[in-house]
Amino acid sequence: MASFETLYVHPALVVSNIKNHVPITLEMENVQYSTWAELFKIHARSHRVIDHIIPPTAGKEKRPQQEEDKELWSTLDATVLQWLYATISHDLLHTILEPDTTTMEAWNRLRDIFQDNKHSRVVTLKYDFTHVDMANFPNVSVYCQHLKSLVDQLKNVGSSVANDRLVLQLVFGLTEPYQGVATLIRECDPLPQFYQARWMLTLEEAGRAKKGSQSSSATLVARSSEGPTDIFDNSSSHRHNSGGKGHHNRNNNGGRSRGSHSSRGDGRGVGHFPTK
């Protein structure tokens, strides 16, 4: 009978798709490093490979000593490195990729890339946040999502935005048709949560869309009801004009006919028949 050691398979080796556990793709432009790193650490910890990206605490072995353990360590490190490469953009991959690197070395390169540029990213993100205008977006949902994305990115670089600040910026960037809802939100004390303000705007947008649809339908119905009347009137006018022309022509023809009969050589006019 096979022993437990023979049957045992390390949990990290049975992961088929890392995207199911770390759904975020880390990119240079979209700053989500903190979120990505936290998800990656949770997954690594749950699969017992956290020490491949974070050094063990004092008193623990950094590397296994037995030869078979070293081979397993190398296999696991390559597996975790594959996870890391699969969850970052191609640009970042080419930036940190080096021959014979370990997972921890690649992890530290990524950390340095994002942590070293933290202050410049904060300045850029804050500027973008304070200049968001709903007029540049197709609808309320996209506008709100963009604001929330900027707030998440600011949080990831250590510059959190309070809810009141976010709601006020949301209201400040609204277009003219939504000023009524904007006033309602501003008058709330305390200000609503961001998701509540977003819900209010979404309802307003849905109501405006429904009203516009009903107005368009009413216009179409009105045009449809007017159409047959116009056609009838035009047809009547055409028939009247045609009738007038026909009558005139008949009179003319009649006149010419009588004229031709009256000019006959026998001297008989129209309506005269020979007598017996």
A.B. asks: With a 4.5 Å cut-off on side-chain heavy-atom distances among I, L, V, M, F, W and Y, is there a chain of contacts connecting Phe114 to Ile54?
C.D. replies: yes

A.B. asks: Please enumerate all residues that pass ring pair (Phe, Tyr, Trp, His ring centres under 6.0 Å) together with His146, with sequence neighbours excluded.
C.D. replies: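 Listed in chain order: Phe137.
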
A.B. asks: Do Thr103 and Asp77 have a side chain donor and acceptor closer than 3.5 Å?
C.D. replies: yes

A.B. asks: Within the 4.5 Å heavy-atom criterion, are Thr87 and Leu26 side-chain neighbours or not?
C.D. replies: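 Not touching, per the 4.5 Å side-chain cut-off.
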
A.B. asks: Donor-acceptor pair, Glu205 side chain versus Val140 backbone, under 3.5 Å?
C.D. replies: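 It does hold such a pair.
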
A.B. asks: If I take atom CD1 from residue Ile96 and atom CZ from residue Arg111, how far apart are they, to the nearest 0.5 angstrom?
C.D. replies: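 Separation between the atoms: 12.5 Å.
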
A.B. asks: Name every donor-acceptor pair, under 3.5 Å, that has one atom in a side chain of residues 13-20 and the other anywhere in the protein, sequence neighbours excluded.
C.D. replies:
from, atom 1, to, atom 2, distance (Å)
Asn17, OD1, Lys19, N, 3.0
Lys19, NZ, Thr25, OG1, 2.7
Lys19, NZ, Ala86, O, 3.3

A.B. asks: Hey, are the side chains of Thr175 and Tyr178 touching, using non-hydrogen atoms and a 4.5 Å cut-off?
C.D. replies: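 In short, these two side chains touch, coming nearer than 4.5 Å.
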
A.B. asks: Take Val122 and Lys126 through the test side-chain contact (heavy atoms from CB on, under 4.5 Å) and record every step on the way to the result.
C.D. replies: CA-CA 6 Å; Val122 169; Lys126 282 188 174 180; 3.8 Å; yes

A.B. asks: Do Leu97 and Tyr85 touch side chain to side chain, with heavy atoms closer than 4.5 Å?
C.D. replies: yes

A.B. asks: CG/Leu150 to CG/Leu125 distance, rounded to the nearest 0.5 angstrom?
C.D. replies: 6.5 Å

A.B. asks: Return yes if some donor-acceptor pair links the side-chain N/O of Tyr143 with the main-chain N/O of Leu170 below 3.5 Å, else return no.
C.D. replies: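 Yes; judged by distance alone, with no hydrogens or angles, the pair exists.
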
A.B. asks: Side chains of Gln153 and Ser149: is there a donor and an acceptor less than 3.5 Å apart?
C.D. replies: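 The criterion, which ignores hydrogens and geometry beyond distance, is satisfied for Ser149 and Gln153.
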
A.B. asks: Start with the C-alpha distance between Glu38 and Tyr33, add both sets of side-chain angles, then the distance that settles side-chain contact (heavy atoms from CB on, under 4.5 Å), and finish with yes or no.
C.D. replies: CA-CA 8 Å; Glu38 185 61 26; Tyr33 173 74; over 6 Å; no

A.B. asks: Could you state the interatomic distance from CG (Leu84) to OG1 (Thr79), rounded to the nearest 0.5 Å?
C.D. replies: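 Those atoms lie 12.5 Å apart.
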
A.B. asks: Check the hydrophobic clustering (I, L, V, M, F, W, Y; side-chain heavy atoms under 4.5 Å; chains of links allowed) and say if Leu184 and Leu203 are grouped together.
C.D. replies: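 Yes, because Leu184 and Leu203 connect within a single hydrophobic cluster, where side-chain heavy atoms sit under 4.5 Å apart.
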
A.B. asks: Could you walk me through whether Phe172 and Val132 pass the side-chain contact (heavy atoms from CB on, under 4.5 Å) test, one step at a time?
C.D. replies: CA-CA 9 Å; Phe172 180 76; Val132 177; over 6 Å; no

A.B. asks: Quick check: do Val142 and Asn139 have side-chain heavy atoms less than 4.5 Å from each other?
C.D. replies: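 The answer is yes; the side chains approach within 4.5 Å.
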
A.B. asks: Would you call the rings of Phe40 and Trp107 parallel, tilted or perpendicular if under 30° counts as parallel and over 60° as perpendicular?
C.D. replies: tilted

A.B. asks: Heavy atoms only: give me the nearest Thr101-Ala106 pair and the separation to one decimal.
C.D. replies: OG1-N, 4.1 Å

A.B. asks: Taking the ring centre of each residue, are His21 and Trp83 less than 6.0 Å apart?
C.D. replies: no

A.B. asks: Drop me the distance from Trp36's CH2 to Leu92's CG, to the nearest 0.5 angstrom.
C.D. replies: 9.0 Å

A.B. asks: In sequence, state the C-alpha distance, the side-chain angles, and the governing distance for Asp91 and Met28, and then conclude on side-chain contact (heavy atoms from CB on, under 4.5 Å).
C.D. replies: CA-CA 8 Å; Asp91 290 341; Met28 184 71 75; 5.6 Å; no

A.B. asks: So which heavy atom on Val151 is nearest to which on Phe129, and how close?
C.D. replies: CG2-CE1, 3.7 Å

A.B. asks: For the backbone of Tyr127 and the side chain of Thr130, can you confirm whether one donor and one acceptor N or O come within less than 3.5 Å of each other?
C.D. replies: yes

A.B. asks: How many angstroms lie between OG1 in Thr102 and CD1 in Ile53, if you round to the nearest 0.5 Å?
C.D. replies: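 Interatomic distance, Thr102 OG1 to Ile53 CD1, rounded to 0.5 Å: 11.5 Å.
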
A.B. asks: Does some side-chain heavy atom of Glu105 sit less than 4.5 Å from a side-chain heavy atom of Glu98?
C.D. replies: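 No, every pair of side-chain atoms sits at 4.5 Å or beyond.
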
A.B. asks: Any luck finding a side-chain donor-acceptor pair between Ser159 and Arg121 under 3.5 Å?
C.D. replies: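 On atom types as modelled, these side chains do not qualify, holding no pair under 3.5 Å.
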
A.B. asks: Which value, rounded to the nearest 0.5 Å, describes the distance between Leu72 atom CG and His10 atom NE2?
C.D. replies: 6.0 Å

A.B. asks: Donor-acceptor pairs under 3.5 Å, side chain of residues 190-201 to any protein atom, not counting sequence neighbours: which ones?
C.D. replies:
from, atom 1, to, atom 2, distance (Å)
Gln196, OE1, Gln193, N, 2.9

A.B. asks: Heavy-atom distance under 4.5 Å between the side chains of Pro11 and Arg48, does that happen here?
C.D. replies: yes

A.B. asks: Keeping Ser74 on the side-chain end and Lys70 on the backbone end, is there a donor-acceptor pair under 3.5 Å?
C.D. replies: no

A.B. asks: Compare all side-chain heavy atoms of Leu39 with those of Pro23 and state whether any distance is below 4.5 angstrom.
C.D. replies: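 Side chain of Leu39 against side chain of Pro23, heavy atoms only: contact under 4.5 Å found.
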
A.B. asks: When you compare the side chain of Glu204 with that of Val181, does any pair of heavy atoms fall below 4.5 Å?
C.D. replies: yes

